[in-house]
Protein chains: 2
Amino acid sequence: MNVTIKDIANVAGVSYSTVSKALNNSPLVKENTKRKIIKISQEMGYKPNFAARSLVSNQTKIIGLIWPTIERIVLSTLVTEISNQINKTSYSMILSVDPVQTSLETFRRFQVDGIILFEENNDEFDASQSSALLSYGVTRKDDRNYPKIDPNHEQAMHMAVEYLAMLGHTQIAYIGDLSSIDPMQIQKYKGFKKAIKQHGLFLNEDYLIDTEGLDWYNGYTATGKLFKMTNRPTAIVGGSYDISGGIIRAMKERKLHIPNDFSIISYDNVPQMANMEFPLTSIGVPVGELAAEIVKSIIKLVESEEMNSIDVYSNKMMPKLNLRSSCARPRL
Amino acid sequence: MNVTIKDIANVAGVSYSTVSKALNNSPLVKENTKRKIIKISQEMGYKPNFAARSLVSNQTKIIGLIWPTIERIVLSTLVTEISNQINKTSYSMILSVDPVQTSLETFRRFQVDGIILFEENNDEFDASQSSALLSYGVTRKDDRNYPKIDPNHEQAMHMAVEYLAMLGHTQIAYIGDLSSIDPMQIQKYKGFKKAIKQHGLFLNEDYLIDTEGLDWYNGYTATGKLFKMTNRPTAIVGGSYDISGGIIRAMKERKLHIPNDFSIISYDNVPQMANMEFPLTSIGVPVGELAAEIVKSIIKLVESEEMNSIDVYSNKMMPKLNLRSSCARPRL
DNA sequence: TTGAAAGCGCTACCAC
DNA sequence: GTGGTAGCGCTTTCAA
């Protein structure tokens, strides 16, 4: 059987309520007894019983996260990063891989204090009975009244184009998923078009290359279309980490040089960008910052909700340009 | 506030101990009252409080699973399937994406009843303090005293070669990761060689094609090597789902016909095989069976451990050949 | 500064 | 068949 505070109390010769206070570092206990109790509890190998604690305190200190159904390396990096950051707090994180509704129910039985949801999980669901909810990504339903964290895709495209234009590029292509109904993809592509216009460049419709998907191979094939053009662009914005991987590969196979033949900026600001076949300059909210904001927000939400003040907000996070060596001035 | 059994008791006009029994389907309650109570509890949206239940019963009915670090579609299919199957039992499953040691500690705080571990998680760790542990995959350390579930890779290769040989193939290639130190890859590749010999075929070393990785693109590139040969094989065994995807793509690009130009069998018996560019005949333990065995074993382990009888066993599961239309007799 | 006691939601036992 | 009640391990008043 596990050691309980009563066992400790017996050994220490105090009441078990004193033990409880001591272990929770309450200022109501004399430093001396506190130290003694802590020492004894360690010697006895005491581990607090989570169930008992959460039963009485009515909070579990657990954050639940519903695993995004669309598997992308960027999302799993985000999830891992969120987990790491939560581990640094007094909270823990658990995951569910079930559909949203099922996950929500599981989490309710666990009485998790807060739930992180990815808007890619776009199933219909009823969140009315749940604990504090926070979502990441572009929401499809405006009537959902929980806070949202979302990268500013439009601004990202603006910064990418701005940087390329500054280097002297005027012929910039976008290789990304134009056919998707995923609002995130739509925002990127619209953002790109808007940015081109804002920088006074000519928007060549041929330079909007549809990958028809987000996989590595989609980027690879789409890049093939680009080589068939007579009037090739000098710079490319890749729509995602995976797509850009395919672009690089297509370049390498044709013995093309980055950045001399083509300057490339990739969407998605993840550290893995540095380990690609060719390290790419990238644009996007750094995944660490995203995770930090998500963790900070969910905890704030959880703790504020206890005082019944749920304020619905939406945070469009600012992207950053991460310079590597995949961009140069265009050849004359 | 959440609905409790007391609330239900009030509405139903019975005592709350009767509610408890009814909800646990105890034979001590009259069918009539049982039905009434269940109906009311559903209407009120009752969800049992895990913490309270586990506090008294001293078990959580939770299985923890440590997310495999190597991301493969096959593994995530397995995890999802395991989750689905656990949901059908009285247990629930939670995931941790942290390193093994951290996950183990989190799970201990949760007092999970059992833990599923993937042997890909090959970190060093101390499992001595943990609850019932079960691992999937080839263990690297023989001194670990917990049960293991593992597909019989050797038998799988035997069956694949047998089938191809039966169709009349004598020139069979293996495209897989030969350079890996992952014991699972080593077993596949050795199994293939052994199977070739057992079927009295000549083992052409050139037909062992190293993908140098498990990604889609590794299969794609490795297939290129095959086309450079003068004496090409007539049949191919693909080392994994992703690798085989690359093989198919390489075939398609060269306008080669499956199965007329090449017969292909892929390792990994997952349903997604049917949705590939070309549906492939596949070999491996069906992922559903694997999940079922894992779930059955961990639950058995959890429940037997309560009577202190931990028997360490290792289950090498039998693969199955899943016929689709990617194999035919070789051309003469 | 410490101790006693109530009670979180539930299961399980014993009475009726 | 049903109800009453003890108690799981802990936190949190309130009293001493």
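We name chains A, B, ... by the order of the sequence lines, and we start the count at 1 in each one.
Every residue two or more places apart in sequence or in another chain was checked for a ring pair (Phe, Tyr, Trp, His ring centres under 6.0 Å) with B/Tyr16, and none qualifies. For A/Asn24, the side-chain hydrogen bond (donor to acceptor under 3.5 Å, both in side chains) test picks out no residue, with sequence neighbours left out. In this view, B/Glu293 and B/Ser297, B/Asn315 satisfy the side-chain hydrogen bond (donor to acceptor under 3.5 Å, both in side chains) rule, not counting sequence neighbours. Residues meeting the ring pair (Phe, Tyr, Trp, His ring centres under 6.0 Å) test with A/Phe107, sequence neighbours left out: none. Checked against side-chain hydrogen bond (donor to acceptor under 3.5 Å, both in side chains), B/Asp268 has no partners two or more places apart in sequence or in another chain. Applying the side-chain hydrogen bond (donor to acceptor under 3.5 Å, both in side chains) criterion to B/Lys34, with sequence neighbours excluded, gives B/Asn25.
We find the CG-CD1 distance between B/Leu134 and B/Ile299 to be 11.0 Å, quoted to the nearest 0.5 Å.
Counting to the nearest Å, the C1' atom of D/dC10 and the CD1 atom of A/Ile5 are 5 Å from each other. Regarding B/Lys6, its NZ atom lies at a distance of 13 Å from the C1' atom of C/dT11, rounded to whole Å. Note: CG (B/Asn25) to P (C/dA12) measures 14 Å, nearest angstrom. The distance from atom CG of B/Leu55 to atom P of D/dA6 is 17 Å, rounded to the nearest whole Å. Here C/dG9 presents its C1' atom at 18 Å from CZ of A/Arg53, a figure rounded to the nearest Å. In this structure, CZ of B/Phe50 is placed 20 Å from P of D/dC10, rounded to the nearest angstrom. Distance, A/Asn49 CG to C/dC10 C1': 14 Å, rounded to whole Å. Rounded to whole Å, atom P of D/dG3 lies 14 Å from atom CD1 of B/Ile8.
Mapping A/Ser57 and B/Gly13 onto DNA chain D via the closest heavy atom, the residue that lands nearer the 5' end is B/Gly13.
Heavy-atom contacts from other residues, nucleotides or ligands closer than 6.0 Å to NZ of B/Lys320 number 12 or fewer.
Remark: B/Tyr16 is not in phosphate contact with C/dA12, judged by side-chain N or O atoms under 4.0 Å from OP1 or OP2. Within the structure, a side-chain polar atom (N or O) of A/Ser15 is placed less than 4.0 Å from OP1 or OP2 of C/dG3.
Within residues 26-38 of chain A, no residue has a heavy atom under 4.0 Å from DNA chain D. A heavy atom lying under 4.0 Å from DNA chain C marks the following residues of residues 17-24 of chain B, by number: B/Ser17, B/Ser20, B/Lys21, B/Asn24.
The bend of the helix from C/dT1-D/dA16 to C/dC16-D/dG1, defined by the angle between the axes of its first five and last five pairs, stands at 50° to the nearest 10°.
Screening residues 42-59 of chain B for salt bridge (Lys or Arg N to Asp or Glu O under 4.0 Å) gives B/Lys39-B/Glu43 as the qualifying pairs, with residues at least two apart or on separate chains. Applying the salt bridge (Lys or Arg N to Asp or Glu O under 4.0 Å) test to every pair with at least one member in residues 83-97 of chain A, sequence neighbours left out, gives no pairs at all. Counting only residues at least two apart or in different chains, ring-ring contact (aromatic ring centres under 6.0 Å, His included) contacts with residues 24-48 of chain A are absent.
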